[in-house]
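Down below is the structure, laid out as structure tokens.
Atoms within a ligand are numbered from 1 in the order they appear, just like the ligands themselves. Please read all numbers here as calculations on a predicted model, not as lab measurements.
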Amino acid sequence: METSDTLSPLPLDPFGRDQHRENARLRALGPVALVELPGGVPAWAITHHETLQQLLADPRVTKDPRQWPTYAEGKLPADWALINFVNVPGMLTRDGADHRRLRALSSQAMTPRRIAALRPRIEQLTAQLLDDLAAQDGEFELRTAFAFPLPLQVIAELLGLPAMDRDTLRDLSDTLLNSSAAPGETLAAQLQMFALLGAVAEAKRAEPGDDLTSALIAAREEGEQLTDEEVVVTMLTVLVAGHETTINLITNAVRALLADPDQLARVQAGELSWSAVVEETLRYDSPVGQFPLRFATEDIAVGEVLIRRGEALLASYAAAGRDGGQFADADTFDAARPTPRHLSFGHGPHFCLGAGLARMEAEIALSALFARFPKLRLTRPATQPIPSFIINSVTELWAAAE
Ligand code: HEM
């Protein structure tokens, strides 16, 4: 059997320059492939749909980095670009009882009813943003002017963040997800984000409002309250997970539709639903390209490969979405295919808490955008990738209404 000793790892491009091509190469190597993360850290990328689904729910796999010798024994490079995914003690880095406690508290504060109640506000915000776009003459950059402010505003309101500097929030959050960040940048962004959110939590503790932060502070499960650190980490998780992903879902859907006018016409004629567009975008261009990290708590055999206890795993969502073994004609965007059972919101205990909100936001945004600008068209090639293998999207989407 092959192991990490017998295989040479393929370096993963930290700039995510051509994720789909890189993923095709990795998929061809088998269901898991040994890759090298920034800083020369090895990990097994899980790129086949079925294997990913299995391992995401496998009790021999944990998200707790304290079970990763490389981290626990202090062997990670100083100022590692991905440090944010291991050194923050929250939902995304805990498993078992601790994870259930942290997640249950957040779900209590993010009930389907709370999410459904946001619909009118999301419609209103969307309409305002479209008014602003309509007032602009000529071309506009849709990512900055539409795809970004909507989810950020929604998540900021959900968390009860005051009208703070949204550009600062966006820059810090981008840095946290940037696998090509310069040494030290991630840690600095993390500290600044903690300071910003900590101040908000403090204010809410003194004067609670009708928002998720106040609910997190007040929430109890079996009498257990969140610690101050856990409140801030949960705010950070929800803030970053809640907008960085939805921006890219909206951006990737607009991009796919504008590249295929016939398909767009069928959606506009009502032959294909917006929900189908959203699900197909999630499969075809998973907004989360790959998510760090998981760890084997026992040896795990996958096909011809033996993943050994203590080794790191990377959930390769974008690769799984284009797995030809799972989806016919996987490299083609086709909203008419039977609803794809993609894994782009994860699977198992860490399944995305915000999937319902993301779907609702994207459907509202896309249907309103194309209703307001039925002749929307790209004015420049949208090909510049976000410099991260965690996020899968483009940096700019220039378009015009006519
Ligand atoms: C298109 C939009 C979104 C996508 C593609 C997405 C994707 C994901 C994925 C793949 C995971 C699992 C990560 C892993 O462990 O491998 C996840 C977890 C999570 N997502 Fe989302 N997400 C989206 C929107 C949102 C929104 C809007 C929120 C919040 C309101 C949110 C909150 C979370 C949280 C809190 C977790 C961690 C759950 C846990 O560890 O138990 N996400 N998301």
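No part of H243 comes within 4.0 Å of ligand 1, judged by heavy-atom distances. Only side-chain heavy atoms of H99 come within less than 4.0 Å of ligand 1; its backbone N, CA, C and O stay farther off. Looking at P151 against ligand 1, nothing comes within 4.0 Å, counting heavy atoms. Residue L249 touches ligand 1 through its side chain alone, judged by heavy-atom distances below 4.0 Å.
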For Q326 and D323: C-alpha separation, side-chain torsions, deciding distance, then whether side-chain hydrogen bond (donor to acceptor under 3.5 Å, both in side chains) applies. CA-CA 5 Å; Q326 179 70 21; D323 178 359; over 6 Å; no
Does the side chain to side chain contact (heavy atoms under 4.5 Å, CB included) test come out yes or no for R100 and R94, once each step is laid out? CA-CA 9 Å; R100 282 192 293 276; R94 291 294 176 264; over 6 Å; no
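Side-chain contact between I46 and L314 is absent, with no heavy-atom pair separated by less than 4.5 Å. For the pair V88/L92, no side-chain contact is recorded, criterion being any heavy-atom separation below 4.5 Å from C-beta on. Side-chain contact between L82 and L293 is absent, with no heavy atoms from C-beta onward closer than 4.5 Å. Within the 4.5 Å cutoff, the side chain of F333 has heavy atoms near those of the E280 side chain. For the pair E36/V41, no side-chain contact is recorded, criterion being any heavy-atom separation below 4.5 Å from C-beta on. You'll find the side chain of E298 reaches within 4.5 Å of the side chain of R60, heavy atoms only.
Residue-to-ligand polar distances place R103 within reach of ligand 1: an N/O pair is separated by less than 3.5 Å. Residue R294 has at least one N or O atom closer than 3.5 Å to an N or O atom of ligand 1. Between K63 and ligand 1, a contact under 3.5 Å exists for at least one N or O pair.
Nearest protein heavy-atom contact of atom 37 (C) of ligand 1 is L92 CD2, 3.7 Å. For atom 12 (C) of ligand 1, the closest heavy atom belonging to the protein is H350 O, 3.5 Å. The single protein non-hydrogen atom nearest to atom 13 (C) of ligand 1 is F291 CD2, 3.8 Å, given as residue, atom name and distance. Looking at atom 16 (O) of ligand 1, its nearest protein heavy atom turns out to be Y317 OH, 2.6 Å. What sits closest to atom 35 (C) of ligand 1 on the protein, heavy atoms only, is M91 CE, 3.8 Å.
The option from A362, G356, S344 that lies nearest to atom 10 (C) of ligand 1, judged by heavy atoms, is S344. The nearest non-hydrogen atom to atom 30 (C) of ligand 1, considering only T93, I155, L293, comes from I155.
Every atom of ligand 1 with a heavy atom of P349 under 4.0 Å away is listed here by number and element: 41 (O).
Between R66 atom CZ and D95 atom CG the span is 10.0 Å, to the nearest 0.5 Å.
By the 30° and 60° cut-offs, the orientation of the rings of F291 relative to F85 is perpendicular. Between W80 and W68, the ring planes lie tilted relative to each other; the angle falls in the 30° to 60° range. In this structure, W274 and F370 have parallel ring planes: the angle between them is below the 30° cut-off, well short of the 60° mark.
Protein N/O/S atoms found under 2.8 Å from atom 21 (Fe) of ligand 1: C352 SG.
H20 and R322 share a side-chain donor-acceptor pair at under 3.5 Å.
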